[in-house]
Amino acid sequence: DTEVTQTPKHLVMGMTNKKSLKCEQHMGHRAMYWYKQKAKKPPELMFVYSYEKLSINESVPSRFSPECPNSSLLNLHLHALQPEDSALYLCASGWQENSPLHFGNGTRLTVT
Amino acid sequence: GESVGLHLPTLSVQEGDNSIINCAYSNSASDYFIWYKQESGKGPQFIIDIRSNMDKRQGQRVTVLLNKTVKHLSLQIAATQPGDSAVYFCAETGSTGNQFYFGTGTSLTVIP
């Protein structure tokens, strides 16, 4: 079992829906990440939060909106997604810069 | 993002043999590297890491070698077992130390 918990495990949404992905860790990590992974591809970095502040946005479209309410929680708000946004969305956390990332098992998102 | 790639997309080995998975990276300023294992339906799992001031690091049945001159990283798995079957990714930190970029991945299949 992973110490990074992601909910829901699966999500199907229409292109006009608004939904949110949630991620939680209680390891005291101060860096949290969102990655997107398409089938048979490596994870692609989307966002990095450091000490609850957004530090990196890898030119992600505005239909993806991250939020870090506190040091244990990370959300990804989804609105007006496209079918090509269907993927596995992975959350990760780490102690600080240059330390290993701990991943959750992801949310499998399907946009119809 | 950074360019991190793997030489071989698939690798099949007999149970009990040693496995070697290779990775090339392009950013000579990268100073921290991690190998991850990803099983079907799960998030990436940390295997071993190495910093740029080292050229070799050993764990339990795994060894990582770093050749900074040619920007090459390898993962050696001793006495490969069926449970080692998975996709293996190398990852490197970007210029700020908290951006992890993943290589394309190698799918390892262990033949009993």
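Chain letters run A, B, ... following the sequence lines, proteins first and then strands; every chain starts at 1. Owing to the predicted nature of the structure, the values given are computational and were not obtained by experimental measurement.
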Would you check, one step at a time, whether the test side chain to side chain contact (heavy atoms under 4.5 Å, CB included) holds for A:Leu54 with A:Cys68? CA-CA 8 Å; A:Leu54 182 65; A:Cys68 189; over 6 Å; no
Which bit of A:Ser55 is near chain B, if near means a heavy-atom gap under 4.5 Å: side chain, backbone, both or neither? side chain
Honestly, the part of A:Leu90 sitting under 4.5 Å from a heavy atom of chain B is side chain
Residues in residues 34-42 of chain A that sit under 4.5 Å from chain B, counting heavy atoms only: A:Tyr35, A:Gln37, A:Lys41, A:Pro42
Would you say the side-chain atoms of A:His102 and A:Ser93 include a donor-acceptor pair closer than 3.5 Å? no
Under 3.5 Å donor-acceptor, [X] side chain and [Y] backbone:
{"X": "A:Asn57", "Y": "A:Phe47", "value": "no"}
{"X": "A:Ser86", "Y": "A:Val111", "value": "yes"}
{"X": "A:Gln25", "Y": "A:Met27", "value": "yes"}
{"X": "A:Lys22", "Y": "A:Thr7", "value": "no"}
{"X": "A:Thr107", "Y": "A:Tyr89", "value": "no"}
{"X": "A:Gln6", "Y": "A:Cys91", "value": "yes"}

Quick check on B:Gln38 against chain A: is it the side chain, the backbone, both or neither that has a heavy atom closer than 4.5 Å? side chain
Tell me, side chain or backbone of B:Phe100 under 4.5 Å from chain A's heavy atoms, or both, or neither? both
Any chance you could pull the hydrophobic cluster mates of A:Tyr51, using side-chain heavy atoms under 4.5 angstrom and chaining through other members? none
Does A:Glu67 have any salt bridge (Lys or Arg N to Asp or Glu O under 4.0 Å) partners at least two apart in sequence or in another chain, and if so, which? none
Spacing of B:Lys37 atom NZ and B:Ile77 atom CD1 [to the nearest 0.5 Å]: 7.5 Å
Looking at A:Ser50, A:Gly106, A:Ala92, A:Ser99, which has the largest count of heavy-atom pairs under 4.5 Å with chain B? A:Ser99
Side chains of A:Pro43 and B:Tyr36: does their closest heavy-atom pair fall under 4.5 Å? no
Would you please go through residues 47-62 of chain B and name the residues with a non-hydrogen atom below 4.5 Å from one of chain A, in numerical order? B:Asp49, B:Arg51
